[in-house]
Structures are given as C-alpha cells and as structure tokens.
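Step one of this worksheet: look at the structure below.
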Amino acid sequence: MAEQFPALIIVVPLIAAFFIPVIGWWKKQLCYPWVVAVLVVTFISSLGIINTIMTTGKFSYRLGGWAPPWGIEYALDYLNAFVLVIVSFISLMVAVYSKKSVEDELPEKTAPFYTLFLLLVAGLLGIVVTGDVFNLFVFLEISSLSCYALIAIGEEGAPIASFNYVIMGTIGACFYLLGVGYLYIATGSLNMADLAVILPNMYHSKIILVAFAFFTVGVMVKGAVFPLHIWMPDAYSTAPSAVSALIAPLMTKVAAYVMIRIMFTIFQPRFSVETVPVMTVLGWLSFIAIFAGGIKALAQTDLKKMLVYILVAEVGYIVMGVSVANKIGLTGAILHILNDAFMMACLFLVVGAISYRIGTRDIHKLHNLNKIMPFTMGAFTITALSMAGIPPACGFFSKWYLILGTIEAGQWAFAAALLCSSLINAVLFFRVIECAYFKPMEPAYANDGGETHMVQRDEAPLTMLVPIVIMAAGIILLGIFSGNIISSIIQFAVPASF
Amino acid sequence: MLDYVIGKYNFWIYAVLMMIGLYAMMGKKNLVKKLIGMNIFQSAIILFYISTGVKTGGATVPILMGHAQEHGHQAIDVAGYLNPLPHVLMLTAIVVSIATTGVALAIIILIYRRYNTLEENEILKIRKDTGV
Amino acid sequence: MKVIALIAAIMTGALLIYGIEEMPKWGDPNSPASSHVSPLYIQEAIEKTATPNMVTAVLADYRGYDTLGETTVIFTAGIACVLMLRKKRKGGGD
Amino acid sequence: MDVVCSSRPLWAVLVSMIAAFLILATGEKNRNIRESWTIIAALIKFLIVASMIPLILQGKVIEYTLFTFYPGICLQFRVDAFGMMFGIVASSLWIATSFYSIGYVRSLNEHAQTRYFFAFAMCLSSAIGIAFSANLLTLLIFYEILTIATYPLVAHKETPEAIIGGRKYLVYTLVAGCVLLFAIAMTYYLTGTLDFKAGGFIGEGRGSNGILILLFIMFILGFGVKAGIMPMHEWLPTAMVAPTPVSALLHAVAVVKAGVFGCLRVILYVFGPNLLHDLGLWILLAYFISITVVGAGFLALGQDHLKRRLAFSTINNLAIIILGAILLTKSSMTGGIIHLANHAFMKITLFFCAGAIYVKTHKEYVSQLDGVGRQMPMTMGAFAIGALGLSGLPPINGFISKWFLCLGALEAKQIVFLFVFLTSAMLDAAFFFPIIYNSFFKKLPAGIVPHFDEAPMLMVIPITITALLSIVFGIAPDAFVRFFSIASLAVQNILGAG
C-alpha cells in the first residue's frame, strides 16, 4: 500500500476532477463534500509518503514499471515529501474554507470552480512529486492553466491581471521548457537523478550554463521572485478569496521548491555557487525584494493588496535562504516554505472571511473587528505576530535560521534586511491591529444604525472559522515544535551535498 | 565561421523566431497580438526540440519498417531512425500550447465583454476613468 | 514597455546565441540527445510494446504519464473556458 | 555545581499562561471567577518559585529542557541564584498587583477588563520565563512575548495618547528585539552555544575584540531600551498613559526589570567581568550609565505629572543597578542585584499610591497634591516610606543597596561613581520631599474640608504591605525569601568562576 501513495496522490485528485462536472450536473451541493473528501485522501497519502520515508528512507515509484531514465519516475525524498504534506494540508484547509466564499462570490459556477481547484492542487502535487524534468513542465502547465482561469473570474480587473499572468507565466514556463531542451541536448536525459549523475562532468559547457540561466529565470517568474513578480500583485489580489488563499501560499512555495531542486539536486551546489554568480545575484535581488515588497505594502490600504506585497518580501526570504547556500541558511529556507505557507494561507483566509462578513478590505474601516469577529481577529493577530517574528510563533524560527545562515555566509546586509523586514511587517500589521482593537468606535460597520450602536458579534461561518483557527493554532505549534521538525525532517531534506 | 552559422542553422532560426515572439509578447499593445507573439515563441521552442531529433545519414521517421518486425530487436539499426523522444515531448508541448492559447482567448473574451476593446492602453484608460 | 521588451528579447537572443557555439551540429547522430536514452526506445519499442511506431510507443507507454498530463491539460483548458465564459442563467449577462 | 532536574521552572511559567487562557475563556460576565483565576495563579506561582529557594541556597541549579531547536540551542530553563532573585520579585509582587488591579479597575470601571487581566498574566509568565531562561535564545523568546503582552496594557485606554504611547513603546522595543536577535545569532555563530555561564562564555569563542565590542554595544542597546537607559528611555514616560497598575507592573515588576535583568545577564553571564576588564568596556559603560543616573534625576525634578516623575525616578534607579553591576566589584554587584529587588518593592509602593490618589481624587499632578496626606494618610504614609527609601534613608531597604553600591565604588577605586551614587540619592530626595511635604503640611484647596477618605481596601492593603516589606527588608535583608543570601550567592558564582 505504502509504495502506491505517490501514484495515488496525483491520480486521485486528477480522476476525481474529471468526475466533478458530472457530479455538479447531477447535484451541485455534492461538489464540495467530494472535493473535501478527495483532499483528505490526498493528505493521508502525503502523510503515508512522509511516514514511509521516515521509516525506510527515500524511494522512487516507476510509472508503468519503466525503469528510469526511460520511463517517468517519481522520486520521493525528505524534501518533496515535506512539501507534499504542506501542499496537501493547506489545500485541504482552503477547500474546507471555500464553501461559503464560493457560494457568495461564484454562485453559478460551483462545478467548474471545484474542478479547476482540484486540478490546480493535482498540478502542484505533481510538480513536487515528479522526478522527471519534462513531466514537471506538464504539471506546471496544468496548475498554471487552472490558475489563470480561477484568477480571471475574480473581481473587477481580474481578467486583465489574469491575462498579464498568462503572458508572464507562459514566458516562465517556456523558459523552463527551453532549459529542459538544453539539458536534453547536452545530456540526452530527462530524469533528474540521471541528470545529476551526468551533469558534473560537463559543468564547463556553455549549453549547461544557458540551460541553468533559463531554468532560473523561468522559476523566478513562476515563483514571483523580484523583479519578475510584476504580474503577481494584481493577479493574486483580484482573484476570488478562496483562490488567493490557495495560490498565494502554495504557488510561490512550490516554485521555491523547484528552485531548490534544480539548483541543489539537478545541479550541484559546486556549480550553482561557484561556476556562476547566480547566488550573489539572487541574494541581492531578494534583498531588494524584501525592501521593495515591504515598502509597497506600506503604501496599500487594501488589506489583500498589502498581503500580496508582503508575499513578495516573503518570497525574498526564501530565496535569500537559498542564495546564501549553506546548510543552516537552506534549513531556514525550507522551514520558511512551511511557515510562510501557513502564515500566508491563514492571512488570506482571514481576509476572505473579513470581506465576506464586513464587505470591505480597507484597513481603515476595520473598527471594532475584534468585537465582531473575535476568533478571526485572534487568528490574524497570532499570524501577524508570527510575521513580525515574535516567538513562539513559527515566523521567528525560520528567521532565526535564515539570519544564522546569512551570518555564516558573511552577508551582513542580508541579515540586516531580514531584521528590517520584520520591523516593517510589525508596522504593517500593527496598523491593522491597532485599528481593529484600539480605535474608538466609529460607525464604519452597520452605519445605518444610531451613533451608540452596540457592536454585535458576527463571527465568520463555521466552515470558514475552523480552517482559520486550525491554521492559527498550527502557527504556534509549528513554532514550538520547529526543533522536532528540523531534526526529524528538514535536516535530511537539505541536499546531501552540503 | 560559416560552419558555425550553416552547420547549426536550426538554432539560429529558432533564436530569431524566439526573439520575435518574446518582443511581441511584451512590446505589443494589442492583446491578440501578444497572444500571437506567444504562439510564435512556443512554436520556436517546438522547432528547436524537433530539430534535435534529426539524424543525418539516411535516418527516417521513427516508424518501424514493415519487414523489420521479424528481425528481432538486434537487427534494428539505431542510426536508421530519427530520435522519437523529441517528437513525443513536442506532441505534449503542442497540446499545452493550444490549451494555453485557448484559455488566453477565453480571458480575452472576458476582457472584451467588460471593456469593449483589446488595446492595452485603452483598457488602462478606462480603468483609470472608472477609478478602479 | 517597448524598450523593456526589446531589451528582454535581445538579452534572450544573446543568451541563445551564446549557447549555440557548443551545440551539436545539425543532425549529428552521435549527439547526446540521440545516443543516451533514445537508442533503447528505437531498439526495444517493438519488443516491449508491440508498436511499430516508436513515437506512439514512447507517448503512450514509456512516457504515458506525460500523455495523461497532456489530456488533463486539455480538460483543464475546456473547464477553464466553461468557467470563464458561461453566462449567468438569470438576468442578462454583461 | 549540582544540577537538579525538575519541571518546577516550567510550571512557574505555565501557571500564569494557563490562567491567562482561563481568564479569556471566562470572560466579562463572570468577573469574580475571572479574578479568582488571577489570584489563584499568582499564589501558586509564588509558591512554586518559593519552593525552589532552599535548593538554590544549597548552591544547586534547577534545570529543565523543553525542546531542542538545533544542536546547541534548546528551549531550556535553568534557575540559578541571580534568576531566582528576579523570579521572587516578580512572582511575589504579582500577588500584590493582582489585588490592587482588581480594586483599581473596578473602582474606575475600566473597559476591556478581560483583555487587561489576560495581558497581565501573560506578562508575568514571560517575566518568570526571562528570569529562569538558561540561554540567550530562551531569554529572547520570553523577552519578545513580554514586549507583545505589554502592548495592549500600554494602549489600554484607547485614547489617541494611549495609542501613540503604545506605538512608541512597540517601535522602541521591537527595534531592540531585532538588534538582540542579530547579536544573539552572531554570538551563536562565534561560540556555538548560547548557554549562560557565570563569569561569561563569549570570550572562549572566535570573536575578535572589535566584534566583541560591537556585540556588547548591541546587547546593551537591545536590553537597554527596556531598561530605559538614556537616550533610549523616551518610551517610558510616554507609556505612563497606561492605567497605574500597569505602570507599577511595567516599572517595578516585569518590563523594565526584564531589561535590567537582561543587561546584567549579558554583563555578568555572557561577557563576564574578566573579559569586560580586558576590553576596557566596563569603564566606558559605567560613564555612559552615569549620564543616565544623573540626567534622569534632573529631568525628574522638572516633571509635574506624578507618574512621569516616578518614571524618571525609575530610569534613574535602573541605571544605578546597571552601574553597580558594571563596576564589577563584589560589593557593587551585590548592591546592584539586591537593588533589583529593593527598588521593586519601593517603586511599586509609589505607583500604587499614585494610582490610589487618582482613583480617589482624580489628581495626577504633583502641584495638585496639597493636603492629600490628610485625606489619605495611609496611602501617603506608604508613599513617604517608598520615597525615603529611594533616597537611601535607613532603615528602609533602599539604604542597604545604596550602601553596598557606594562601597563598590570605593572598592573599584572610582571615586567619581561614589559621587554619582550620592548625587542620585540626593536628587531622589529632592524630587520626593516636596511631594511629601505638600501633601501632609499644606492645606487642601480652599473650600474642601479635610476628612479621612481612603481608597478601597483592595488597594490600600497591598500598598501597606509593600511599604511594610520595604522596611522589613531594610532591617533584615535576609528575611522571608532571603534576598541577601541569594544575591551574595549569585555574586560568589560569578566571581568564583571568573
């Protein structure tokens, strides 16, 4: 059973997605439980995978029984099993959450929405699980296509944002495909493990260099790494709230995973760090990203826009951890993939719940929100503290390792950037918290009532609240147990070449 | 030098095509033109892949000759057939490219429904005027 | 924007041309692409998959999962169009 | 040194954290139950802490490791004599503050009392956590929790002033937190450990002198913000907008003491006397701190707002504690450590009195206090005790600490600092005597007949008790919780190891 999980984790959501139009045509209400059930199976599979890896070590799954490098292989190790768990868990949470928000925002489009939702998840899981560079491209396109469509049905301005995303995303995907082509020309192989064996003999080759450049740029576009993030703020902030909550945390994290995979598994750190100055460039780009994202976020009054720009900075964190290219920095980067996925998901879920209940996302109109939605705001506060790097929330710990990594690499400026960024985050979030908790009453909410209108508690519906609370609790627990996570998973997930 | 250009002319052609496509995608104002640029870009990649499958010296399409079937696999001459793998990959890539174009066209329809134009600067102007 | 596009195009072109120098020649039968993985496909396809068309053999069997993905891509695109273009049942579309 | 493994330090921290959540769950409707959680937790906490005193006095150390984050970094508690000192002060004064708080918020009918008591309990948890931290990272974690838990208390009144006060507080402390985080990461990089060691450990690492000096400056900046070292003291008077029990807590029990405690930990347990002597840092810091001692005294003279005057007196006294430690002689260190406790008892009395006056008469300014002593003799009597104690008059406990500090200055052969201590005592007298004189000997404003009209008993009793304790500890410094023995033990440890 355990060895079938890698196939199940892709096939189940894929096949299930094919059935949704039928189910939706029969009974629309069934789509939601179906998706949740499927994602539960996926989540269990991912747990099965990581459990197998922790007990018996890494393994691979040959699709159709063909031996690599001729057939396609799913290579499971600590790194992608770890990311699989993140992706499947967060998508499960967002799926649970999506019920009311889909009913509210897309009442007529339930069935196709959930079909694409599931396809998107399947695509992301496929990217993570596969051990074949071309297969990765196919899954990348599945997730991208569903992403384009899901974004396009968002609010005003979404189609144009989505179109820009199509253009940039296609450039990114095509660059990736070119990279694959160049590697194929130079080596004749498409299998990651096989490539990792062949490549070290040809590091002097210009073809390899060009392939590496195309890979890097392609992944940077997909992962919204500064300065190729330009498509991202509009696209993510105009998407329907359930969609932003899914793609904002996951798309960027999966791209970060692909980046780590390419730079440190397919290529050796020896090449990525020494032969080409790409690490230095990436490091400084993320340095700029952290500040640019933070400053742009300061200029926003729309909560969701603010989060999107924070995401630019957060991606910068991960890339910075990758760019210092030492064990502890990479530990921080991988830990931050987990932590940031949780934090971003929680924040976007909260924002979705707020706009569902209050109907606004303007940070100056959130007065008394702690009285209206105490649990939601509690979760928001926990996440905000985590973003500002306050222990014991998880954000502190990834920052700690990232800072250790930058210090070890002797990059003082990067360490300073990380610290400044948490201060910027603190300013950003305390603006909101101050407004929601401490500003004297103003008739922003239900302003048709009298001046002494007593604020009624009006918490988000349970299907929204439960995922939010789980994520917030997760943020604290991840912080407290970060030591265990690192010692049992992440230290093995860091590529062995360090 | 001539060898450098003529011996690898396939790469030169696709490089040029790709630059055209990339420029159109980013530089053109009309959304459909951008899309056409995207198609040129993708076609360039497809050509590039296919060209890597070519073998000179009498190789033919990778379909086994009728009589070769009886010979058993030892007899099959590798040099006699083109490399099948790029073709396979490109079949997939073509499908992906078509699908992307389809989705992009659907988005363009959405945009047209809302703004009644496909010129990027006009859309921006409309959005600015309506204050969104 | 045009300037940026031009710069991006030229930079990409420069990168491509930079890589050409070491590319195998047109149709070189000994290039890595034709000599590492593909010979086995040509030799074994008929025996293992009973398909004379090697492209079909690889497409549907060796790399069948890619093709499943490819089908899914088409399905995704179809559903995407339905999602985006279907108008609301009640009240005229915009 | 004997090490005893026990989970008691953990429970000492957890007790008030659990209480905090019980308070939150109980809510506004059951006020008496909610308040009883506070009281019960305070008592249990004190008992747990007190139960560890005998072990400490036997020269043992109590350790408890909760998690391991990374090789060499744990979330670990270790109770040593110095930590015990702070632990006793914080936990015993919490009992007094709890009763007083209940009286205060009920008399004034404050809003958001649940949040208030929740944050209060969290503060105490983190204060004890700081006291019992075994290493710099654990210390930082609790230090940051303390920062955040205090914020809702500072901004409690929700007036624009309070919100600005809160902002200022956050800006100062969060920036300090970032500086600390960097310094700690750097320390880990240099030494591979973060565990406190009596007599210092950083000198054994591979840091050059320049880097060590830089680190020392960063540590002092980081902890100095909370300790109110000039010129980073600005937030402290601003934070006086908070309710008086909060000010009492801020000043006497938890927050600023945490800053001082951190400074002392760095001086005595991270760098250690020998290293500071070798680097010549001690004399520089001593002069730097002297500026604060004298400057704060003069600034206090100019304040008409009673609580602001007290705030500057706090800054002055905190600087004295640090000055005592940095003089690095046996007597001065003993004096500094014991002043940590003595100042707490005296200052909390003073703040309690200020609160009682405010509750009863709504007077906040020194110039309004004419004749209050006749109306509230017990409160003002306690005030007089606290004030005289701070000026160093026997038999109040302030005399003992100042005596040792002066001896220390002589031992260090630095007559300058003897004068600094004496000046500060004189300044204390100068800004407190007018208050005492006016309140007892001047007439009430015309038209008001002096009559006995004390604050509620819930407030007066804690005031009386803390004032009496100040005298008791002045006469018998080793009474009850044996402050003096513990302080001397701590000094012995440091000097013995150094």
Side-chain angles (χ1 to χ4, degrees), chain B residues 3-4 7-12 14-16 18-20 22-29 51-57 59 61-66 68-69 72-74 76 78-89 91-92 95-96 98-100 102-103 105-107 109-110 113-114, chain C residues 1-6 8-10 12-13 15-17 19-21 23-29 31 33-35 37-48 51-59 62-63 66-67 69-71 73-78 80-85 93-94:
Chain B
D3 194 44
Y4 184 45
K8 298 171 181 175
Y9 71 93
N10 53 329
F11 298 115
W12 286 99
Y14 104 89
V16 170
M18 192 124 130
M19 283 162 74
I20 294 172
L22 196 62
Y23 176 76
M25 272 170 106
M26 296 174 73
K28 288 289 170 192
K29 288 273 173 262
S51 72
T52 63
V54 174
K55 288 178 197 166
T56 45
V61 286
I63 299 174
L64 217 53
M65 304 296 180
Q69 230 156 329
H73 74 274
Q74 262 79 12
I76 299 172
V78 175
Y81 298 98
L82 298 180
N83 182 356
L85 192 56
H87 299 87
V88 175
L89 301 183
L91 277 170
T92 310
V95 169
V96 167
I98 290 168
T100 315
V103 172
L105 281 171
I107 295 173
I109 293 175
L110 275 188
R113 274 186 198 163
R114 198 165 293 180
Chain C
M1 200 62 209
K2 294 217 165 177
V3 183
I4 297 174
L6 203 63
I10 289 171
T12 314
L15 198 60
L16 292 169
I17 291 164
I20 287 178
E21 191 187 323
M23 285 288 189
K25 273 194 181 164
W26 166 253
D28 180 5
S31 68
S34 303
S35 59
V37 178
S38 77
L40 198 86
Y41 290 135
I42 297 171
Q43 286 174 342
E44 281 192 350
I46 185 75
E47 186 194 351
K48 292 268 174 75
T51 314
N53 187 335
M54 296 153 203
V55 174
T56 313
V58 178
L59 185 76
Y62 286 96
R63 299 187 66 88
D66 272 352
T67 313
E70 175 189 325
T71 328
V73 166
I74 287 288
F75 176 69
T76 310
C81 292
V82 172
L83 178 70
M84 284 188 282
L85 297 181
D94 34 358

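Worth knowing before you read on, the calculation uses all heavy atoms, side chains too, and leaves out hydrogens, waters and symmetry mates.
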Measure distances from [X] to the heavy atoms of chain B and classify the residue's part below 4.5 Å as side chain, backbone, both or neither.
{"X": "C:Ala8", "value": "both"}
{"X": "C:Thr67", "value": "neither"}
{"X": "C:Ile42", "value": "both"}

For [X] against [Y], the heavy-atom pair lying closest together:
{"X": "C:Asn53", "Y": "B:Pro62", "answer": "OD1-O, 3.7 Å"}
{"X": "B:Asn83", "Y": "C:Ala33", "answer": "ND2-O, 2.8 Å"}
{"X": "B:Arg113", "Y": "C:Met84", "answer": "NH1-O, 4.3 Å"}

How far apart are the C-alpha atoms of C:Met23 and B:Thr52, what are their side-chain angles, what is the distance that settles it, and do they pass the side chain to side chain contact (heavy atoms under 4.5 Å, CB included) test? CA-CA 10 Å; C:Met23 285 288 189; B:Thr52 63; over 6 Å; no

Between [options], which residue shows the highest count of heavy-atom pairs closer than 4.5 Å to chain C?
{"options": "B:Gly102, B:Ala24, B:Ala106", "value": "B:Ala106"}
{"options": "B:Val61, B:Ile20, B:Leu22", "value": "B:Leu22"}
{"options": "B:Ile63, B:Ile107, B:Ile109, B:Val103", "value": "B:Ile63"}

Interchain contact, B:Leu105 with chain C, by part (heavy-atom threshold 4.5 Å): neither

Atom pair [atom1] ([X]) and [atom2] ([Y]), whose distance is rounded to the nearest 0.5 Å:
{"X": "C:Lys2", "Y": "B:Met26", "atom1": "NZ", "atom2": "CE", "answer": "13.0 Å"}
{"X": "B:Trp12", "Y": "C:Leu16", "atom1": "CH2", "atom2": "CG", "answer": "10.0 Å"}
{"X": "C:Leu6", "Y": "B:Met19", "atom1": "CG", "atom2": "CE", "answer": "8.0 Å"}

Taking the side chain from C:Arg63 and the backbone from B:Leu85, do they hold a donor-acceptor pair closer than 3.5 Å? no

Is there a donor-acceptor pair closer than 3.5 Å between any side-chain N or O of C:Asp66 and the backbone N or O of B:Thr92? no

Looking only at C:Ser31, C:Ser34, C:Gly13, most heavy-atom pairs under 4.5 Å shared with chain B are made by C:Ser34

Against chain B, work out which of C:Asp28, C:Leu59, C:Val73 has the most heavy-atom pairs shorter than 4.5 Å and name it. C:Leu59

For B:Lys29, does the NZ atom have more than 12 heavy-atom neighbours from other residues, nucleotides or ligands under 6.0 Å away? yes

